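The first residue of the sequence shown is numbered 1, and numbering continues consecutively from there. Hydrogens, waters and symmetry mates are skipped; everything else that's a heavy atom, side chains included, is used. Order of listing sets the numbers, starting from 1, for every ligand and every atom in it. Note that the structure is predicted; figures quoted are calculated from it, not measured.
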Amino acid sequence: MAQLVCGLARRWCFGALGSPLQALHLQALPLHLGRTVMRASQKDFESALRQVKLWKKDPGNEVKLKLYALYKQATEGPCNLPKPGMMDLVNKAKWDAWSALGSLPKETARENYVDLVSSLSAASEPPSPAKPAADGEQAGGDLVVTSENHITTITFNRPAKKNAITTQMYRDIMLALQAASKDDSVLTVLTGNGDYYCSGNDLTNFTDIPPGGPEEKARTNAVLLREFVDYFIDFPKPLVAVVNGPAVGISVTILGLFDLVYASDRATFHTPFSPLGLSPEGCSSYTFPKMMGPSKAAEMLIFGRKLTAQEACAQGLVTEVFPDSTLQKEVWTRLRAYTKLPPNAVRTSREVMRSKGRERLHAVNAEECEALRQRWLSEECASAVLRFMSRKAKL
Ligand SMILES: CCCCCCCCCCC/C=C/C(=O)SCCNC(=O)CCNC(=O)[C@H](O)C(C)(C)COP(=O)(O)OP(=O)(O)OC[C@H]1O[C@@H](n2cnc3c(N)ncnc32)[C@H](O)[C@@H]1OP(=O)(O)O
């Protein structure tokens, strides 16, 4: 493992290959996933590790060396590697940083790591991750995509807006899925940053009307939505959702197209389509009745009943529920173990499970998008969006 860490870290210290920050994540995650740190500050420590993964700015080599040294000390104790040769500049710098911590106790190193990350995060991250651009879409950064240890992770990263999905994010998710279908990952994970998994479609997506008027907007959205859902129907590898908090709207419906859905016990599942003057999408009009029976599906999709994580698990929408405090540790350990399975066997099993229903799903998707195109032009939908925007009503 140490060799792997050093090999990966070679990529960041002097920025020779790839993004230094990305490589910092790469060196942190394998150990994070592979170890059990049972002290009181473990949750904070794990949260700090996740925070580092989401940093957009490179903190510089000095900080990265400090983080590296504290990480190693916190997880392995005092430096146990042979001193690298003088010409091995990168590993020498890392060895020096780690050795300089002497016999600092693991717990103190962990606390120092958390403190350092929290001071750097406070200094470098704006309270709101992105400012709206002139056309109402968000600038980049609302979606974070990482690929490590044969797992590609797509993270909704717009916590100030409860991870509501902007038009740009839909596009970026499609691009990320396209890339993930070709990379060396075995699994693709969707998750959220902050207290929400995702609050669904950004309701302001409906407000910029093009010169062709609402009809053109509805037509374009229907085409784009169909394409978006098609990506999930056709995705060739296992899709996993790590539902870290409440999920609303389209972030819930597409779960019917996932292979595994692991949820925090804080998560809820809400599809308030009727109050919004909308109708179901993401193939849920087909997948939900199939998995939970028509009447339970009707309660959710027609009458907007919000399910707890336990209820969603009982209905087959969620694979397993975890206490919020252990979700990350338990899920990522399990997923990492799954990536060790023979990848071709995993693919073949999935394909034989999926192939029979694919054509049907495409037909359902087309039908749902056409129904939505008409709904978007309705008075009911327009009033619901206006109500939300004027903050008179919360769902
Ligand atoms: C390439 C493809 C393009 C296709 C584009 C077409 C679109 C396809 C659409 C598919 C059909 C639609 C599917 C859906 O997802 S319907 C469900 C939509 N979601 C909602 O209705 C949720 C609305 N939000 C809420 O009810 C509450 O905000 C919520 C319960 C989620 C949280 O409440 P809380 O009180 O805890 O927090 P706030 O309300 O104060 O929220 C904090 C800020 O976040 C903003 N926010 C939250 N959710 C959304 C959202 N969905 N859209 C826009 N903004 C959202 C909220 O306004 C607050 O912002 P401010 O702090 O600025 O006020």
Which ligand 1 atoms does Ser199 reach within 4.0 Å, using its non-hydrogen atoms?
18 (C), 19 (N), 20 (C), 22 (C), 31 (C), 47 (C), 48 (N), 49 (C), 50 (C), 51 (N)
Can you figure out which of Arg375, Glu281, Arg226, Glu227 has its heavy atom closest to atom 11 (C) of ligand 1?
Glu281
Which of the numbered atoms in ligand 1 are below 4.0 angstrom from a heavy atom of Gly200?
15 (O)
What atoms of ligand 1 come closer than 4.0 angstrom to any heavy atom of Tyr196?
29 (C), 30 (C), 31 (C), 32 (C)
How does Ala160 reach ligand 1, if at all, at less than 4.0 Å between non-hydrogen atoms: by side chain, backbone, both, or neither?
backbone
Could you walk me through whether Arg334 and Glu320 satisfy the salt bridge (Lys or Arg N to Asp or Glu O under 4.0 Å) test, starting with their C-alpha distance in whole Å, then the side-chain angles of each, then the deciding distance to 0.1 Å, before giving a yes or no?
CA-CA 12 Å; Arg334 190 180 299 186; Glu320 191 169 334; 2.9 Å; yes
Might you point out which heavy atoms bring Ser264 and Leu327 nearest each other, and give the distance in Å?
N-CD1, 3.8 Å
N/O of Leu203 under 3.5 Å from N/O of ligand 1, yes or no?
yes
Below 4.0 Å, non-hydrogen atoms only: which portion of Ala164 touches ligand 1? Side chain, backbone, both or neither.
side chain
Under 4.0 Å, counting heavy atoms only: does Asn205 come that close to any atom of ligand 1?
no
Side-chain donor or acceptor of Thr339 paired with backbone N/O of Val186 under 3.5 Å:
no
Heavy atoms only: which of Ile173, Asn201, Asn163 lies closest to atom 51 (N) of ligand 1?
Asn201
Quick check: are there more than 12 heavy atoms from other residues, nucleotides or ligands sitting under 6.0 Å from NE2 of His150?
no
Consider only side-chain heavy atoms of I, L, V, M, F, W and Y, link residues closer than 4.5 Å, and tell whether Tyr231 and Ile250 are in one cluster.
yes
Output the list of atoms in ligand 1 that are nearer than 4.0 Å to some heavy atom of Asp202, sorted by atom number.
52 (N), 53 (C)
Note: Lys237-Asp259 ion pair, threshold 4.0 Å (strictly below)
no
Proximity winner for atom 36 (O) of ligand 1, if only heavy atoms of Lys162, Met174, Glu368 are counted:
Lys162
Enumerated ligand 1 atoms positioned under 4.0 Å from heavy atoms of Leu224
1 (C), 2 (C), 3 (C)
Yes or no: does Phe228 have any heavy atom under 4.0 Å from an atom of ligand 1?
no
Between CG on residue Leu276 and OG on residue Ser383, distance to nearest 0.5 Å:
11.0 Å
Give the ring-plane orientation class for Tyr170 versus Phe228, where under 30° counts as parallel, over 60° as perpendicular and anything between as tilted.
perpendicular
For Glu367, does the CD atom have more than 12 heavy-atom neighbours from other residues, nucleotides or ligands under 6.0 Å away?
no
For ligand 1, which is the ligand I care about here, please tell me if Leu278 has any N or O atom under 3.5 Å from one of the ligand's N or O atoms.
no
With backbone taken as N, CA, C and O and side chain as the heavy atoms from C-beta onward, which portion of Trp376 lies under 4.0 Å from ligand 1: side chain, backbone, both, or neither?
side chain
Step through the shown structure and confirm whether more than 12 heavy atoms of other residues, nucleotides or ligands are within 6.0 Å of CZ on Arg226.
no
Between Lys161 and ligand 1, is there a nitrogen or oxygen pair with a distance under 3.5 Å?
yes
Indicate, as side chain, backbone, both or neither, the part of Ile165 found under 4.0 angstrom from ligand 1 when only non-hydrogen atoms are considered.
neither
Please answer: with hydrophobic residues joined when any side-chain heavy atoms are less than 4.5 Å apart, are Val223 and Trp376 in the same cluster?
no
